[in-house]
Every structure is written in structure tokens, then in C-alpha cells.
Amino acid sequence: MNEAWLDYLDFRDFEAYKNDVCGFGPDYLIHLGAHTDIEFCETNQEACYQTNTASVENATHIANELGIPLVYISTAGIFSGREDCYDDGDPPNPIGAYARSKYLGEKFVAEHAKKYLVARAGWMMGGGPAKDKKFIQKIMRELKEGTSELFVVHDKAGTPTYTHDFARTAKELIKNEYWGLYNIACKGHTSRLKVATELLSLTGLTEKVTITPVNSAFFKDTYFVKRPDSECLNTKNLNAKGVNKMRHWKESLKEYVEQYYSDYLH
Ligand SMILES: NC(=O)c1ccc[n+]([C@@H]2O[C@H](COP(=O)([O-])OP(=O)(O)OC[C@H]3O[C@@H](n4cnc5c(N)ncnc54)[C@H](OP(=O)(O)O)[C@@H]3O)[C@@H](O)[C@H]2O)c1
């Protein structure tokens, strides 16, 4: 539990989930949790399925029973990555257990939920040192440890997605009852290499730390599950609805670093 106000719930347990939600009586059910460690998911596929798909089926039944909308967070990782970027309606073609489990969750929600928002995020950045387990925090940790050389992949493209912008945008969709499936990602397609380069610039470390570009094979022991080459999302559905609160990723990254990491490196 990473916040004092949180209660414990294992949402794989249908009865426990239902009792919890019914006891609270919410206006919406926002199903956020998942196993997000891609290597764990690949080597623990049943646990991955139960947590990332079966629990979403639970959420769908509960939301339907209470007559409330279900909000489900999916991922750009459901695409194969062979195209440069993906529209909301492009056919998913997941390449690993995590992506497959998330796609099956999407599919179940779209086919069975009476009212739903499937919000598909790109490379999430948010939460800060205490919660972020992803790319930004990994780089920041290395910088804190005093590294003078970062090894960063040059062969992966994507769209960063700042959690604050994502939440603001999802709120607009919910408020306006614009239900359906939406890609929600910051403006500007980029790469891991460019994000790391920008991070060095924002932290004033460009002169002190070098970046050595490597391909994904460099990390094959740690990250042995293949990732899509491109996880770039277009936000056509969002733009069409006129509620896109996503900023350019560089602007959002700047705010993220200022708000969450101002003292981190000192
Ligand atoms: N991070 C990204 O780049 C990214 C991108 C696109 C979409 N997403 C999606 O966004 C959502 C949030 O991701 P995140 O990065 O915040 O994930 P995270 O940091 O790994 O957090 C996942 C959360 O799920 C909870 N959880 C796992 N199993 C559970 C269970 N059986 N019952 C109840 N809660 C359970 C975990 O609780 P404990 O801490 O108690 O284990 C944890 O709080 C996920 O659905 C993920 O697939 C993430």
C-alpha cells in the first residue's frame, strides 16, 4: 500500500471486489491496477492473466450490475509496433503476455460493459521517486547514483504520457460522457534516446553525463521480452471530441521533473 488512505483489495476475488465497490457506492468504477512488470508477466502467465484480464472481467460485471460506467487503463503496447504509429481503431496485435492480457481486458470491456471508457496510455511518466517504476525513474536513479554514462536504446519509439495530463483528459471524457475507446498520449512522437537526452538537459547534466546509444539487444538479459519497436499513438478520437488536455511531452516532462524531482539529485 503506497498511500495511507488506501485499503487492501485483491480484485481477482470477485466477491471481495463486488462487496468493496457496493459498500462504497461509487458513480464510476476506475479499474487501474495490473501486473505491469513485463518480464514477470511473461514468466508468470497465469498470474498475469488473472490480474490483468480476469479482474477486468470482474470489474465489468460489477459496473454493469451497479449501472455505472467502467474506466479501464490500457496500453500502447497492445500493438505489434511494426507501423510507425497507431490510431485508436487500428487492429491490435500484441506480442507478449503482458500486452495480450491488457488487450483481452480491452476487448472484454468493449464487448460487455454497458458504459465504458478504455483509456489507452503510452509511456507513462508520473508518480515520482516513490511510485514511478518506469523509464524516467530508472534514469533518474542512475543519475542520483552518480553515473557519468547512460546506455539508452535508440531503436524504440513512443509517446510519453504524463499522468496529470492523462487524468485531466480522462476527466473531461467522463464529465462529457464521451464513452468509448481513446488513445491518450502527449503530443509529439519520440524515442527513449530523445527522452533521456531531454532529461539530462532538464537536470542540467548534459555536460557531465554522456549518453551511449545502444540497441535493445544490449539489455537482452534484463529485458528479455521483446517490446514493440513503435508504441507511438495518435489521438484522433480525442481530438475529434475537442477535449484533448495532453501537452507536448517536453512541456509535461519539464513539469514532472520540477514537481517531483526538484530535490532528488541533491
Ligand atoms: N506504466 C506505464 O507506462 C503504463 C502504460 C500504459 C498503461 N499502463 C496501465 O496503467 C495502469 C497503472 O499502471 P502503473 O504503471 O501505475 O502500474 P504499477 O505502478 O505497477 O501499479 C499497479 C498497481 O496495481 C495493483 N495491483 C496489482 N495486482 C492487484 C490485485 N490483484 N488487486 C488489486 N490491486 C492490484 C498494485 O498494487 P500493489 O502495489 O499492492 O501490488 C499496484 O498498486 C495499469 O493498468 C497499466 O497496465 C501503464
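No experiment lies behind these values; they were computed from the predicted model shown. Order of listing sets the numbers, starting from 1, for every ligand and every atom in it.
- Within a 4.0 Å radius of atom 17 (O) of ligand 1, the protein has at least one heavy atom.
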Carefully, step by step, assess Glu172 and Arg168 under the rule salt bridge (charged side-chain N to carboxylate O under 4.0 Å, His left out). CA-CA 6 Å; Glu172 285 297 312; Arg168 262 185 227 120; over 6 Å; no
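- Per-residue contacts place Leu9 under 4.0 angstrom from the following atoms of ligand 1 (heavy atoms of the residue considered): 32 (N), 33 (C).
- Taking atom 40 (O) of ligand 1 as the reference point, the nearest protein heavy-atom neighbour is Met1 N, 4.6 Å.
- Side-chain contact of Ser252 with Asp165: a donor-acceptor pair under 3.5 Å is present, judged by distance alone.
- At a 4.0 Å cut-off, not a single heavy atom of His35 sits close enough to ligand 1 to count as contact.
- Here the protein heavy atom with the shortest distance to atom 30 (C) of ligand 1 is Phe11 CE1, 3.3 Å.
- At under 3.5 Å, not a single nitrogen or oxygen of Trp123, backbone or side chain, sits near a nitrogen or oxygen of ligand 1.
- Checked for salt-bridge contact, Asp229 and Arg82 miss the test: no charged N lies under 4.0 Å from a carboxylate O.
- Per-residue contacts place Ile73 under 4.0 angstrom from the following atoms of ligand 1 (heavy atoms of the residue considered): 9 (C), 10 (O), 45 (O).
- Between Lys138 and Glu142 there is no salt bridge, since no side-chain N of the basic residue sits under 4.0 Å from a carboxylate O of the acidic one.
- Within a 4.0 Å radius of atom 20 (O) of ligand 1, the protein contributes at least one heavy atom.
- In Arg120, neither the side chain nor the backbone holds a heavy atom less than 4.0 Å from any atom of ligand 1.
- Between Thr36 and ligand 1, an N or O atom pair is found at a separation short of 3.5 Å.
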Yes or no on salt bridge (charged side-chain N to carboxylate O under 4.0 Å, His left out) for Glu255 and Arg247, after CA distance, side-chain angles and deciding distance? CA-CA 11 Å; Glu255 184 180 298; Arg247 291 168 287 175; 2.7 Å; yes
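- Residue Asp87 forms a side chain to side chain donor-acceptor pair (under 3.5 Å) with just one option from Thr235, Asn234, Asn183, Asn237, and that option is Asn234.
- Judged by distance alone, the side chains of Tyr182 and Asn244 never bring a donor and an acceptor atom under 3.5 Å apart.
- The single protein non-hydrogen atom nearest to atom 43 (O) of ligand 1 is Asn2 ND2, 5.0 Å, given as residue, atom name and distance.
- Checking only distances, Asp10 does come within under 3.5 Å of ligand 1, N or O to N or O.
- Inside a 4.0 Å radius of atom 28 (N) of ligand 1 there is at least one protein heavy atom.
- For Met124, heavy-atom contacts with ligand 1 shorter than 4.0 Å involve the backbone as well as the side chain.
- In summary, the atoms of ligand 1 found under 4.0 Å from a heavy atom of Thr51, numbered by their order in the structure, are 28 (N).
- Residue Leu32 touches ligand 1 through its backbone alone, judged by heavy-atom distances below 4.0 Å.
- The ligand atoms of ligand 1 that sit less than 4.0 angstrom from a heavy atom of Gly122 are 3 (O), 5 (C), 6 (C).
- Proximity of Phe135 to Arg192: side-chain heavy atoms (C-beta onward) are separated by under 4.5 Å at one or more points.
- Per-residue contacts place Gly33 under 4.0 angstrom from the following atoms of ligand 1 (heavy atoms of the residue considered): 23 (C), 24 (O), 25 (C), 45 (O).
- For atom 47 (O) of ligand 1, the nearest protein heavy atom (residue, atom name, distance) is Tyr98 OH, 2.7 Å.
- Separation of the Tyr260 and His164 ring centroids falls under the 6.0 Å cut-off.
- Centroid-to-centroid, the aromatic rings of Phe151 and Phe218 come within less than 6.0 Å.
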Might you work through the side chain to side chain contact (heavy atoms under 4.5 Å, CB included) test for Lys144 and Tyr264, ending with a clear yes or no? CA-CA 7 Å; Lys144 189 176 174 63; Tyr264 186 71; 3.4 Å; yes
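- A salt bridge links Asp10 with Arg12; the closest basic N to acidic carboxylate O contact falls under 4.0 Å.
- For atom 5 (C) of ligand 1, a protein heavy-atom neighbour is present inside the 4.0 Å cut-off.
- Considering both main-chain and side-chain atoms, Ala34 comes within under 3.5 Å of ligand 1 through a nitrogen or oxygen pair.
- Using a 4.0 Å cut-off between charged nitrogen and carboxylate oxygen, Lys254 and Glu258 count as a salt-bridge pair.
- Surrounding OH of Tyr223 are at most 12 heavy atoms belonging to other residues, nucleotides or ligands under 6.0 Å away.
- Short contacts between ligand 1 and Ser74, defined as distances under 4.0 Å to a heavy atom of the residue, involve ligand atoms 6 (C), 7 (C).
- Applying the 4.0 Å criterion to heavy atoms of Ala121 picks out, from ligand 1, the atoms 6 (C).
- Of the N or O atoms in Lys131, none lie within a sub-3.5 Å distance of an N or O in ligand 1.
- Protein heavy atoms all stay at least 4.0 Å away from atom 36 (C) of ligand 1.
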Any chance you could lay out the salt bridge (charged side-chain N to carboxylate O under 4.0 Å, His left out) test for Arg120 and Glu106, step after step, and finish with the verdict? CA-CA 9 Å; Arg120 225 186 244 150; Glu106 261 194 22; 2.7 Å; yes
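- Atom 1 (N) of ligand 1 lies below 4.0 Å from at least one non-hydrogen atom of the protein.
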